[in-house]
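One structure below.
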Amino acid sequence: MSANYDYYRIFYYVARYQSFTKAANILLNSQPNITRGMNHLESELGCKLFFRTNRGVTLTPEGERLYAHIAIAYEQIRTGEEELAGDKNLQSGILSIGASETALYGLLLEKLSSFHQSYPGIRIRISNQSTPQAVAALKNGLVDLAVVTTPTGVDRTLREIPLKYFEEVLVGGPQFAFLAGKNIHLRELEKYPLICLEKNTMTFEFYNQLFLEHGLTLQPDTEAATTDQVLPLIKNNLGIGFLPEDLAKDSLARGDIFRISLAETIPKRAICLVRDDRRFLSIAARKFEETLYHKNEIVK
């Protein structure tokens with residue numbers, strides 16, 4: 001069909017308001033141009049669409065049938081345009097993030113709070129996952145961004161951007177308070193029950209590699225699914241374990257747990273943004289990415 005979109009847009013407003021003059025005012029056009037456009041449309045369709053009278057216009061039977069279709073199509077188009085305008089102005093939209101536990105509590109919640117206050121119309125979807133699960137969700141297009149902790153295990157198809165470095169500490173509950181004044185070695189941990197994240201996590205891989213570098217094997221007595229499960233296990237004397245310092249500091253200050261000095265240095269880890277540069281981010285996701293970078297000092 002050779003009739004263009006502008007003709008149908010004019011037709012929609014003329015039919016809706018039954019007036020060339022009202023249609024011209026709404027479309028910020030002149031009445032002669034509106035009339036000319038409808039003459040062209042009728043000519044191209046080969047039928048009359050309007051009965052013209054001194055009081056305005058009414059639709060012919062052919063015009064009624066056309067309007068039934070055009071009204072649906074135009075309302076859908078207009079709704080789509082309004083949604084895009086809302087997204088552009090960050091008044092609407094969806095932000096989907098895959099996040100590991102440590103990244104969520106160590107950085108992401110603070111950034112999301114700031115973002116939500118600035119753009120309350122954006123709907124936020126958080127998938128709380130292990131690092132491998134969050135990275136897999138990103139690769140499969142299930143989330144816009146992943147915020148996880150190192151080691152991320154990403155391949156060359158993804159980009160890893162450090163946002164915040166953090167340290168982990170060895171801690172124990174009340175029954176292990178006698179270790180607080182000692183400086184122990186990794187090999188001595190074999191004497192005590194050890195709590196660690198389960199084997200399918202990158203945290204386990206991180207400590208497994210640390211133990212291997214010192215000729216040791218990591219054999220935890222208790223495995224937890226998420227980082228936030230480790231702290232209560234330690235508090236209740238199921239063993240000693242490693243925690244991000246930020247997560248442990250309040251419990252350390254209250255005396256619920258005790259810090260145990262380790263002779264070996266635990267390498268720093270990082271909370272990272274992982275993104276797939278092959279995919280084009282939504283306006284909301286791009287704006288949140290800016291929020292992640294803003295006022296975020298990377299301290300090594």
Side-chain angles (χ1 to χ4, degrees), residues 75-166 197 200-203 206 225-231 244 246-247 268-299:
E75 291 295 340
Q76 289 292 322
I77 292 170
R78 189 170 64 176
T79 298
E81 290 175 341
E82 289 173 354
E83 287 181 0
L84 290 179
D87 289 356
K88 181 179 179 181
N89 296 324
L90 293 167
Q91 296 174 348
S92 63
I94 299 174
L95 171 65
S96 179
I97 303 171
S100 66
E101 197 84 26
T102 301
L104 182 65
Y105 291 106
L107 176 68
L108 191 56
L109 284 177
E110 175 190 346
K111 296 293 185 178
L112 284 171
S113 176
S114 174
F115 183 79
H116 181 65
Q117 289 179 22
S118 298
Y119 310 106
I122 302 296
R123 288 180 289 168
I124 300 172
R125 296 175 180 169
I126 302 294
S127 300
N128 191 3
Q129 303 165 313
S130 67
T131 292
Q133 290 171 335
V135 171
L138 177 67
K139 293 187 74 170
N140 292 329
L142 301 178
V143 296
D144 299 315
L145 302 165
V147 182
V148 295
T149 52
T150 56
T152 62
V154 300
D155 57 32
R156 293 181 179 179
T157 63
L158 302 177
R159 183 155 57 99
E160 175 187 302
I161 306 162
L163 299 172
K164 178 183 178 181
Y165 287 87
F166 65 95
L197 290 186
N200 65 344
T201 64
M202 296 309 291
T203 294
F206 173 81
T226 60
T227 303
D228 66 341
Q229 293 177 356
V230 175
L231 180 56
D246 285 348
L247 185 61
K268 287 186 177 182
R269 300 174 68 188
I271 296 174
C272 294
L273 167 68
V274 180
R275 60 165 298 167
D276 187 345
D277 288 335
R278 298 169 300 177
R279 294 177 56 227
F280 190 76
L281 292 177
S282 67
I283 295 171
R286 293 202 303 273
K287 179 56 69 172
F288 182 69
E289 188 176 21
E290 292 176 13
T291 302
L292 285 174
Y293 299 146
H294 185 56
K295 295 181 180 180
N296 202 55
E297 296 181 2
I298 305 300
V299 180

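Here the structure is a predicted model, which is why all the values come from computation and not from measurement. The basis for the numbers below is simple: all heavy atoms, side chains too, and nothing from hydrogens, waters or symmetry mates.
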Test item: T149 and F166 side chains (from C-beta on) under 4.5 Å apart, heavy atoms
yes

Does either side chain, that of T102 or that of T227, offer a donor lying less than 3.5 Å from an acceptor on the other one?
yes

Less than 4.5 Å apart, any side-chain heavy atom of S100 and any of Q133?
no

Take D246 and K164, measure what side-chain contact (heavy atoms from CB on, under 4.5 Å) needs, and give me the verdict at the end.
CA-CA 12 Å; D246 285 348; K164 178 183 178 181; 3.3 Å; yes

Keeping to residues at least two apart or across chains, list the salt bridge (Lys or Arg N to Asp or Glu O under 4.0 Å) pairs with something in residues 125-136.
none

If you look at every heavy atom in A99 and L108, which pair is closest and at what distance?
CB-CD2, 3.4 Å

Non-hydrogen atoms of A146 and A134 that approach each other most closely
CB-O, 3.9 Å

Please lay out, stage by stage, how Y293 and L273 fare under the test side-chain contact (heavy atoms from CB on, under 4.5 Å).
CA-CA 10 Å; Y293 299 146; L273 167 68; 3.3 Å; yes

Is any side-chain heavy atom of P132 closer than 4.5 Å to one of M202?
yes

Roughly how far, to the nearest 0.5 Å, is the CG atom of L104 from the CD1 atom of I97?
9.5 Å

Residue pair N128 / T226, side-chain heavy-atom distance below 4.5 Å:
no

Judged by atom type as modelled, is there a donor-acceptor pair below 3.5 Å linking the side chain of T150 to the main-chain atoms of A270?
yes

How many angstroms lie between CG in L95 and CZ in R286, if you round to the nearest 0.5 Å?
12.5 Å

E290 and K287 ion-paired at < 4.0 Å
yes

Nearest-0.5 Å distance, OG1 of residue T201 to CZ of residue F206
12.0 Å

Quick one: do S282 and I94 satisfy side-chain contact (heavy atoms from CB on, under 4.5 Å)? Show the steps, please.
CA-CA 8 Å; S282 67; I94 299 174; over 6 Å; no

Which heavy atom in A103 sits nearest to a heavy atom in I271, and how many Å separate them?
CB-CG2, 3.8 Å

Using a 4.5 Å cut-off on heavy atoms from C-beta on, say whether the side chain of V143 contacts that of L138.
yes

Measure the spacing between OH of Y105 and CG of L247 and express it to the nearest 0.5 Å.
9.0 Å

Value rounded to 0.5 Å, distance of CD1 in I283 from OH in Y119
11.5 Å

Can you confirm whether E101 sits close enough to T203 that some side-chain heavy atom of one is under 4.5 Å from a side-chain heavy atom of the other?
no

Salt bridge (Lys or Arg N to Asp or Glu O under 4.0 Å) pairs touching residues 140-160, sequence neighbours excluded, are K139-D155, R159-D277

To the nearest 0.5 angstrom, please state how far the CD1 atom of I161 sits from the CD atom of E289.
5.5 Å

With a 4.5 Å heavy-atom cut-off, do R278 and T157 have their side chains touching?
yes

